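Have a look at the structure below, then the notes.
Nothing here was measured: the structure is a model prediction, and the numbers come from that model. Just so it is clear: chains get the letters A, B, ... in the order the sequence lines come, proteins before strands, and each one is counted from 1.
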Amino acid sequence: MRIGVVTFPGSLDDVDAARAVSFAGGETVALWHGEHDLRGVDAVVLPGGFSYGDYLRCGAISRFSPIMTEVVEAAKGGLPVLGICNGFQILCESHLLPGALLRNDARRFVCRDQRLRIENNKTPWTSDYEQGAEITVVLKNGEGKYVADEDTLDRLEGEGRVVARYLEVNPNGSLRDIAGITNEAGNVVGLMPHPEHAVEGLTGPGTDGLAFFTSAVSQLLHA
Amino acid sequence: MARVVVDVMLKPEILDPQGKAVHSALPRLGVHGVTDVRQGKRFELEVDELTDERLSEIHEIAEKLLSNPVIEDFFVYVEELDESEVEGSEVDEVQA
């Protein structure tokens, strides 16, 4: 099970994402933003960070990097893609996911252990969770407020495309407490919190995030 | 030569935390008459010759890269420049 992790200039969490893939029993393949080559991977993770310094808008310039041409095309063909934090922003800017991510309404960078509810365990990234599972993972963002127009929000809710929702505290003003969503086909998932930072007790708030990666590995094994 | 200016503003219905922060700083300057502040971006694109084709390219740039149509509106307008005006504006900036 080969899962590619893309490194953009300014990516921060590519190493943690790769490590999480390894912990989940997958093989990590390093992908480079400047290449048109997905190296035959079975899934792709767009990691967190500040690609291109967040210049212009978060994810706006990364969208036009050579690797994203390939990611967009492969995603439309069904390749499982997980965008975490900055990766979520890139997926929205690439129009693989609807809506946009804005500056937190509290105007502060937020860093905390965040409770989430898994609302959709049918995606390749969440199938190892129970439907409705409540988990704690790390959240750290400055521009994590998910917005979309009312029709889009209603459609996301109606089609079960809200993948994860904030519990207890809405840390950034995201509409309808949305922490993560998926596309119509269900293979592309964007998530603002960081499951890759919650894969072992030593370095995170627990191991609740690991199932995002074991889900992908086991889905791919059975595919 | 010509300068094409693209202004990008958050859509009116989108909350602008940066504008709010600026607005909330105004009383510290003793200013109380401003009821709202919204912050946007201004892009200046220099072109040698302004043709219809160039202008439509700039519209495309504005729509696809400079703005995100989900959250932002953009406005394109042209500033005609000759060399002396360009130099003049630079001198003004030095004096300021």
Side chains of [X] and [Y]: donor-acceptor distance under 3.5 Å anywhere?
X: B/Tyr77; Y: B/Asp7; result: yes
X: A/Ser11; Y: A/Asp14; result: no
X: A/Thr123; Y: A/Thr126; result: yes

Practice task
Go through A/Gly173, A/Pro98, A/Ala148, A/Ala100 and name the one with the most non-hydrogen pairs under 4.5 angstrom from chain B.
Solution key: A/Ala100

Problem - A/Asp13/A/Lys140 under salt bridge (charged side-chain N to carboxylate O under 4.0 Å, His left out): CA gap, chis, key distance, verdict - result: CA-CA 11 Å; A/Asp13 302 323; A/Lys140 44 164 202 174; 3.0 Å; yes

Is there a donor-acceptor contact under 3.5 Å from the side chain of [X] to the main chain of [Y]?
X: A/Asp177; Y: A/Leu167; result: no
X: A/Ser174; Y: A/Gly144; result: yes
X: A/Trp32; Y: A/Val6; result: no
X: A/Asn86; Y: A/Ser51; result: yes
X: A/Asp16; Y: A/His197; result: no

Practice task
Answer yes or no: are there more than 12 heavy-atom neighbours, outside A/Tyr55 itself, under 6.0 Å from its atom OH?
Solution key: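 For A/Tyr55, atom OH is not crowded (no more than 12 foreign heavy atoms under 6.0 Å).
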
Exercise for the section: Would you mind listing every side chain to side chain donor-acceptor pair (under 3.5 Å) that reaches into residues 21-36 of chain B, with sequence neighbours excluded? Expected result: none

Handout entry: Sorted by number, residues from residues 51-62 of chain B in contact with chain A (heavy atoms, under 4.5 Å)
Key =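 Within residues 51-62 of chain B, no residue comes under 4.5 Å from chain A.
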
Practice task
Determine which residues belonging to residues 66-76 of chain B lie within contact range of chain A, meaning some heavy atom pair is under 4.5 Å apart, and list them by number or answer 'none'.
Solution key: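 Only B/Leu66, B/Ser67, B/Asn68, B/Val70, B/Ile71, B/Glu72 of residues 66-76 of chain B have a heavy atom under 4.5 Å from chain A.
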
Problem - Side chain proximity check, A/Thr69 to A/His36, heavy atoms < 4.5 angstrom - result: yes

Exercise for the section: Show your reasoning for whether salt bridge (charged side-chain N to carboxylate O under 4.0 Å, His left out) applies to A/Arg165 and A/Glu134. Expected result: CA-CA 10 Å; A/Arg165 219 184 287 268; A/Glu134 297 188 1; over 6 Å; no

Practice task
Could you check which of B/Lys41, B/Lys64, B/Glu13, B/Gln18 has the highest count of heavy-atom pairs closer than 4.5 Å to chain A?
Solution key: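 Most heavy-atom pairs within the cutoff with chain A belong to B/Gln18.
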
Exercise for the section: Using the salt bridge (charged side-chain N to carboxylate O under 4.0 Å, His left out) rule, take A/Arg155 and A/Asp149 through it: C-alpha gap first, then chi angles, then the decisive distance, then the call. Expected result: CA-CA 10 Å; A/Arg155 205 171 66 242; A/Asp149 60 52; over 6 Å; no

Exercise for the section: Could you list which of residues 102-121 of chain A have a heavy atom closer than 4.5 Å to any heavy atom of chain B, in residue-number order? Expected result: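 Near chain B, by residue number: A/Leu102, A/Arg103, A/Asn104, A/Asp105, A/Arg107.
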
